[in-house]
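Encoded as structure tokens, the structure appears first; notes follow it.
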Amino acid sequence: MKQSPMYESYARIAPRPGDWPVLHAKMGELLSRDYDWSAEVAGITAPTMLVYADCDSIQPGHMVEFFALLGGGLRDADWDGSGRPAGRLAVLPGTTHYDIFASPALAAPVVEFLEAPAPDW
């Protein structure tokens, strides 16, 4: 993993780059456990953007399921966009979780989401 873009970024900003093996071991332990974040995701009320890589371990159906928990993809947004949910879903082509953060395709959807007007609650 030390040849990965993820390590390069970690080493550049971590206060203790030598702790990479500790972080990597903890991530591996976390990912080896069964987990279900559905209830937590469904409870999010703030505008939320889910960004996934299309060449990753997360199945597309799971991506869509989480988006639906945020109110997305359940109905047409209507001609004027009034039915558009506060959440967004972006699936970036040709990326993995190792390189998605460096993809030029990441900036446009994220900036658009961040610059969108706040919901009128």
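Computed from a predicted structure; not experimentally measured.
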Heavy-atom pair with the smallest gap, counting every atom of [X] and [Y]:
X	Y	result
Ala90	Pro109	CB-CB, 4.4 Å
Gly72	Pro85	CA-CG, 3.6 Å
Pro17	Ala11	CG-O, 3.6 Å

Out of curiosity, does Ile13 fall in the hydrophobic cluster containing Phe101 (side-chain heavy atoms, cut-off under 4.5 Å, transitive links)? no
Please report the interatomic distance CG(Leu69) to CH2(Trp37), rounded to the nearest 0.5 Å. 13.5 Å
Between the CG atom in Leu50 and the CZ atom in Phe67, the distance rounded to the nearest 0.5 Å is 7.5 Å
Apply side chain to side chain contact (heavy atoms under 4.5 Å, CB included) to [X] and list each qualifying residue two or more places apart in sequence or on a separate chain.
X	value
Ser82	Asp78, Asp80
Trp79	none
Leu23	Tyr10, Trp20, Met27

Any pair with a residue in residues 23-38 that passes salt bridge (charged side-chain N to carboxylate O under 4.0 Å, His left out), sequence neighbours left out, goes on the list, sorted by first then second residue, please. Glu29-Arg33
Give every residue pair that meets the salt bridge (charged side-chain N to carboxylate O under 4.0 Å, His left out) criterion with at least one member in residues 5-19, sequence neighbours excluded. Arg16-Asp19
Should the heavy atoms of other residues, nucleotides or ligands under 6.0 Å from CD of Glu40 be counted, would the total exceed 12? yes
Can you name the residues that form a ring pair (Phe, Tyr, Trp, His ring centres under 6.0 Å) with Tyr52, not counting sequence neighbours? none
Residue set satisfying salt bridge (charged side-chain N to carboxylate O under 4.0 Å, His left out) with Glu65, at least two apart, ordered chain then number -> none
Going by the side-chain hydrogen bond (donor to acceptor under 3.5 Å, both in side chains) test, which pairs reach into residues 85-98, not counting sequence neighbours? Asp56-His97, Thr96-Asp99
So Met63 and Ile58, side chain to side chain contact (heavy atoms under 4.5 Å, CB included) or not? Walk me through it. CA-CA 7 Å; Met63 299 172 192; Ile58 299 174; 3.9 Å; yes
Output yes when a side-chain donor or acceptor of Ser32 lies under 3.5 Å from a complementary backbone atom of Leu30, and no otherwise. no
ILVMFWY cluster membership beyond Leu92 - transitive side-chain contacts under 4.5 angstrom: Met49, Val51, Ile100, Leu106, Val110, Phe113, Leu114
